[in-house]
**Q** 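Structure below; questions to follow.
Note on naming: letters A, B, ... go to the chains in the order of the sequence lines (proteins, then strands), and numbering restarts at 1 for each one.
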Amino acid sequence: MTSDQLQDLLEKYLADTITEAEFRQLWSTLDISERDADWYAAMDSLLENNELHGLSGDARMESALLTIKAKLANDHSIPTAKRTHFLKRAWFRYAAILLLMAGTATFLYLHNRPQKEIIVKNSADIAPGGNKAILTLSDGRTIMLDSAANGALAQQGNTKILKLNAGSLAYQSGALGGEAGYNTISTPRGGKYQIILPDGTKIWLNAASSIRFPTVFAGNSRKVEMTGEAYMEVAKSAKQSFTVKANGVDIQVLGTSFNINAYENETTLKTTLISGSIKVMSASGPSAEAVTLKPGQQAIVSLSGQSARGQTITTIPSIDAKQVMAWKNDVFDFEDVDFEEVMRQLERWYDIEVVYKKGVPDIRFGGKLNRNISLNDLLEILERTEVHFKREGERRLVVGQP
Amino acid sequence: MPDPQTYNERELLLRIAEGDNGAFDLMFRSYWDHVFSVALMMTKSPDLADDIGQEVFFAFLRDREKMTEIRNLKGFLHTSVKFLVHKRLRRLRVEEAYTQYMSGKVFVQPLYASPEKAIDMKDLQKTLQKGIESLPLQQRRAFKLSREEGLSHEAISIKMGVSKKTVKDYIVRAIAFLRNYLALHGDIALYLIWAISLFQK
């Protein structure tokens with residue numbers, strides 16, 4: 001990155017017009033010592049322009065002054081030796097009074113928003129999910145993907161498995177005719193991963209999900225099985241169809257991108273088509289149903305018992321695809337989502353167990369949240385809607401009525 | 001606020017080194033605001049800016065006896081804050097930094113449809129409007145032309161009869177002001193949900 005380019009990014013950052021991609025680029029320059037001068041120069045220009053100041057206000061200034069002095073009084077690293085003992089110095093007496101005042105002033109300043117102390121006390125905060133997954137090879141060996149080094153990971157017949165970076169894995173087909181076995185990649189609770197299949201199909205796995213597929217796609221069809229939630233961008237192939245099996249439902253695909261939500265503890269299986277065309281079929285049998293989706297549509301298969309045999313499929317003609325795919329962008333979209341479903345999403349992402357003290361609150365959240373925040377931070381935000389949360393021990397979350 | 005330049009800087013530093021409270025207070029009150037303001041514009045976070053500001057002056061206070069050597073107090077404080085801002089920003093992981101950036105970002109567009117949420121959002125919108133009306137005249141104009149009318153900095157500079165750089169300065173300061181205003185007067189948690197939702201749309 002050149003100096004000019006960085007200056008341009010800094011300007012955008014200061015004016016709040018920077019895009020996310022640019023923000024990431026900007027941030028990376030903080031570690032490049034040749035670019036330090038540009039950061040300093042941007043600040044010089046702000047420091048020298050008095051017109052840009054005046055943002056503090058007196059209350060904040062006075063509070064800061066008190067805090068600094070109180071801190072000094074507590075700072076025991078004051079050299080003694082030939083100096084008057086700090087207890088006798090004028091500073092200490094003054095600072096002692098200030099300490100009392102600082103308490104009040106700080107309280108008034110910081111606590112003008114009522115803060116509920118409910119949550120934490122004895123429970124350590126839980127970090128959000130991250131790139132975690134386990135690869136199970138055809139011979140049963142397992143590899144923890146998060147701790148594996150980047151680069152060639154394993155070989156299955158003529159197919160090479162490469163870890164591209166933290167969070168993505170690619171299958172590279174070699175010469176044809178090699179042995180094919182099945183591999184499974186599964187994410188634990190609190191995990192997510194991206195995989196590129198031997199045919200180039202890209203799959204994003206959400207937490208507590210898995211995908212099982214052959215290491216070589218032979219014949220005229222590509223068949224994979226999944227559990228949990230995945231978003232797929234299927235590579236086009238004139239010769240081979242692509243079918244996904246999830247929870248007893250078959251989804252037949254033709255060069256397309258779609259999201260499947262097939263968690264076992266959800267009552268329905270939802271397939272949302274982003275682009276292309278797919279056919280959703282509930283399990284075979286005389287009462288099987290099939291629906292062909294157009295982009296922007298969602299098929300909901302109601303599940304009961306162990307399989308979707310004979311279950312009805314409902315088509316939603318136009319769905320908020322962004323909400324469906326929010327997880328892929330590391331966002332929780334709770335807009336109008338049923339309370340229990342929200343809690344299940346939290347269970348999977350933070351690996352916790354939710355229990356209801358007095359039944360399920362009749363509340364629907366609105367809005368979206370970044371998924372990359374710790375559990376306590378998230379709960380603090382949700383608490384604003386008057387639901388009570390209490391953490392018990394490490395992994396238990398109790399929901400009470402307001 | 002007393003102009004720091006009218007005081008004999010050397011004498012001020014000596015008095016501070018000797019433990020003169022009043023001298024330190026004077027120095028602090030002369031420079032605090034612009035240290036904070038620049039830290040705020042750079043970090044986009046009033047809390048972080050406050051922290052950094054305090055660190056600058058605390059370090060000074062703690063080592064005050066050595067400060068008599070300083071030739072240029074303003075330059076010294078500037079260097080301190082530049083170094084600290086860079087150091088603190090660098091410590092943030094980019095995801096954290098981005099969330100922090102987005103959570104305080106000011107959006108002027110109207111809000112989302114959910115009727116239950118409309119009441120809370122109305123409050124936030126009111127607070128934001130109050131903040132905008134509290135801006136100094138020129139900054140308010142520039143900000144509104146940019147965010148409410150969507151004009152480019154070029155167009156605004158023509159309309160307001162000032163340079164593009166001035167327009168940029170107005171907007172940078174207006175945003176920092178509003179971020180601070182909302183942090184002090186608004187309900188931050190709700191705002192976080194709202195701001196991110198608007199961004200995603």
Side-chain angles (χ1 to χ4, degrees), chain A residues 11 13-16 18 20 23-24 27-28 30-31 36 39-40 42-44 46-47 49-57 60-61 64-65 67-69 71-72 75 77-79 89-91 94 112-113 322 326 329-331 333 335-336 364-370 372-373 380-381 383-384, chain B residues 19 21 25 28-29 32-34 36-38 40-42 44 46 49-50 53-54 57-58 61-62 78 81-82 85-86 89-90 92 94-99 101-103 105-106 112 114 116-117 146 153 168-169 171-173 175-177 180 184 187-190 192-194 196-197 200-201:
Chain A
E11 274 181 19
Y13 171 67
L14 289 169
D16 268 10
I18 196 168
E20 184 174 353
F23 187 97
R24 285 170 182 274
W27 225 254
S28 67
L30 285 162
D31 291 318
D36 284 358
W39 281 88
Y40 289 0
M43 286 191 261
D44 275 328
L46 296 175
L47 284 161
N49 188 345
N50 285 322
E51 303 290 309
L52 299 181
H53 307 157
L55 290 171
S56 167
R60 189 191 283 279
M61 175 168 75
L65 181 56
T67 308
I68 289 167
K69 289 189 176 164
K71 196 169 168 212
L72 186 75
D75 192 68
S77 61
I78 297 174
R89 280 206 247 148
W91 275 113
Y94 189 11
N112 55 8
R113 291 197 307 275
K322 273 224 190 97
N329 299 317
D330 274 339
V331 170
D333 187 333
E335 185 72 40
D336 248 340
R364 282 192 175 226
F365 297 114
K368 303 169 209 195
L369 291 172
N370 187 307
N372 280 327
I373 57 179
E380 226 173 91
I381 295 168
E383 273 258 339
R384 292 297 184 161
Chain B
N21 297 340
D25 288 0
F28 180 88
R29 291 190 179 115
W32 163 264
D33 179 79
H34 85 264
F36 174 82
S37 299
V38 173
L40 176 59
M41 286 183 278
M42 290 300 295
K44 307 278 181 180
D50 205 310
Q54 287 189 26
F57 289 97
F58 178 75
L61 191 59
R62 191 192 52 208
H78 283 197
V81 66
K82 280 187 287 185
V85 165
H86 187 272
L89 287 182
R90 202 171 159 214
L92 290 171
V94 67
E95 287 84 10
E96 275 180 71
Y98 190 66
T99 304
Y101 168 75
M102 286 305 298
S103 69
K105 191 165 164 164
V106 176
Y112 54 71
S114 168
E116 302 90 54
K117 290 289 151 237
S146 165
H153 288 186
K168 232 186 309 154
D169 285 346
I171 291 178
V172 167
R173 194 190 173 279
I175 303 173
F177 175 89
N180 192 31
L184 292 175
D187 185 327
I188 269 301
L190 276 181
L192 201 141
I193 299 180
W194 178 56
I196 295 182
S197 79
Q200 292 292 339
K201 287 193 166 71

**Q** Mind checking what makes ring pair (Phe, Tyr, Trp, His ring centres under 6.0 Å) contact with B/H153, not counting sequence neighbours?
**A** none
**Q** Indicate the atoms forming the closest heavy-atom contact of A/A64 with B/W32, along with that distance.
**A** CB-CH2, 3.6 Å
**Q** Is any NZ, NE, NH1 or NH2 atom of the basic residue among A/D36 and B/R90 found under 4.0 Å from an Asp or Glu carboxylate oxygen of the other?
**A** no
**Q** Does any backbone or side-chain atom of B/I175 lie under 4.5 Å from a heavy atom of chain A? Answer side chain, backbone, both or neither.
**A** side chain
**Q** State, yes or no, whether a side-chain contact exists between A/M61 and B/F36 at a heavy-atom distance under 4.5 Å.
**A** no
**Q** Quick check for you: to the nearest 0.5 Å, what is the distance between B/Y98 atom OH and A/N372 atom CG?
**A** 12.0 Å
**Q** Tell me, with the steps shown, if B/K82 and A/D44 meet side chain to side chain contact (heavy atoms under 4.5 Å, CB included).
**A** CA-CA 8 Å; B/K82 280 187 287 185; A/D44 275 328; 2.7 Å; yes
**Q** Return the option, out of B/M41, B/H86, B/K168, with the maximum number of heavy-atom pairs under 4.5 Å with chain A.
**A** B/H86
**Q** Given B/N180 and A/R60, is the side chain to side chain contact (heavy atoms under 4.5 Å, CB included) satisfied, shown in steps?
**A** CA-CA 11 Å; B/N180 192 31; A/R60 189 191 283 279; 2.7 Å; yes
**Q** Any idea which heavy atoms bring A/G54 and B/S37 closest together, and the distance?
**A** N-OG, 3.4 Å
**Q** Considering residues at least two apart in sequence or located in another chain, which fulfil the side chain to side chain contact (heavy atoms under 4.5 Å, CB included) criterion with A/E51?
**A** A/N49
**Q** Considering non-hydrogen atoms only, spot the tightest contact between A/I18 and B/Y101 and give its length.
**A** CG2-OH, 3.3 Å
**Q** Evaluate side chain to side chain contact (heavy atoms under 4.5 Å, CB included) for A/W39 paired with B/M42, printing each intermediate quantity in order.
**A** CA-CA 10 Å; A/W39 281 88; B/M42 290 300 295; 3.7 Å; yes
**Q** Using non-hydrogen atoms and a 4.5 Å limit, figure out which bit of B/F177 sits close to chain A: side chain, backbone, both or neither.
**A** both
**Q** Strictly distance-based, threshold 3.5 Å: is any side-chain N or O of A/K69 a donor or acceptor partner for the main-chain N or O of B/F58?
**A** no
**Q** So, the side chain of B/R173 versus the backbone of A/H53: is there a donor-acceptor pair under 3.5 Å, distance only?
**A** yes
**Q** Pick from A/L52, A/D330, A/L46: which one has the most heavy-atom pairs with chain B under 4.5 Å?
**A** A/L52
**Q** If you round to the nearest 0.5 Å, how far is NZ of B/K44 from CG of A/L14?
**A** 5.5 Å
**Q** Under the 3.5 angstrom rule, does the side chain of A/W27 hit a backbone N or O of B/L92 as a donor-acceptor pair?
**A** yes
